[in-house]
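Report on one structure; see the data block that follows.
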Amino acid sequence: MSSDADADPSEYEALEDADVTMRENEHGLHIADDEVTGVSSQGQTPEAALENLAEAVRSYREATDDDPGDDWL
């Protein structure tokens, strides 16, 4: 992870295997990118960006899971 040392992606289960980079845009929003999945999210703080990213990555993995389980019945 680059920059924002106080924000730790490993605190989020969905980001355990992620390669997260952090940046701040021209409007002051913090943006977290998961380089593995290509998913990005943002927040007012680095922590909020990571929390939002963790939820987005979790949703991404559920949506791209090849195992339909019993839900398709």
Side-chain angles (χ1 to χ4, degrees):
M1 184 176 92
S2 65
S3 82
D4 297 316
D6 290 341
D8 185 3
S10 66
E11 293 179 10
Y12 301 92
E13 183 177 337
L15 301 179
E16 285 179 338
D17 297 328
D19 179 12
V20 177
T21 57
M22 298 288 296
R23 54 195 165 93
E24 188 173 341
N25 72 11
E26 65 275 5
H27 303 289
L29 285 173
H30 296 270
I31 301 169
D33 302 301
D34 176 11
E35 303 298 330
V36 175
T37 62
V39 175
S40 296
S41 195
Q42 65 185 21
Q44 294 294 326
T45 65
E47 293 80 11
L50 282 176
E51 185 174 330
N52 293 337
L53 179 64
E55 185 59 34
V57 167
R58 190 177 303 100
S59 294
Y60 171 85
R61 288 185 178 149
E62 287 174 6
T64 58
D65 185 2
D66 287 339
D67 180 12
D70 292 334
D71 294 341
W72 67 275
L73 294 176

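Here the structure is a predicted model, which is why all the values come from computation and not from measurement.
The side-chain heavy atoms of Glu35 and Thr21, taken from C-beta on, include a pair separated by under 4.5 Å. Annotation: side chain of Ile31 is not in contact with side chain of Glu24 (no heavy-atom distance under 4.5 Å). Between Val36 and Asp17 there is no side-chain heavy-atom pair separated by less than 4.5 Å. Looking at Asp33 and Arg23, their side chains come closer than 4.5 Å, going by heavy atoms from C-beta outward. The closest side-chain heavy-atom distance from His30 to Leu50 is not below 4.5 Å.
With rounding to the nearest 0.5 Å, the separation of OG in Ser10 from CG in Leu15 is 9.0 Å. Rounding to the nearest 0.5 Å gives a distance of 9.5 Å between CZ of Arg58 and CZ of Arg61.
Taking each heavy atom of Val20 and Ala32 in turn, the nearest pair found is CG1-CB, 4.4 Å. Nearest heavy-atom pair across Ala54 and Ala14 is O-CB, 3.4 Å. Across all non-hydrogen atoms, the minimal contact from Ala48 to Gly43 is CB-CA, 4.1 Å.
Proximity of a side-chain donor or acceptor of Asn25 to a complementary backbone N or O of His27 within less than 3.5 Å is detected. Although no hydrogens or angles enter the test, the distance criterion places a donor-acceptor pair under 3.5 Å between the side chain of Asn52 and the main chain of Gln42.
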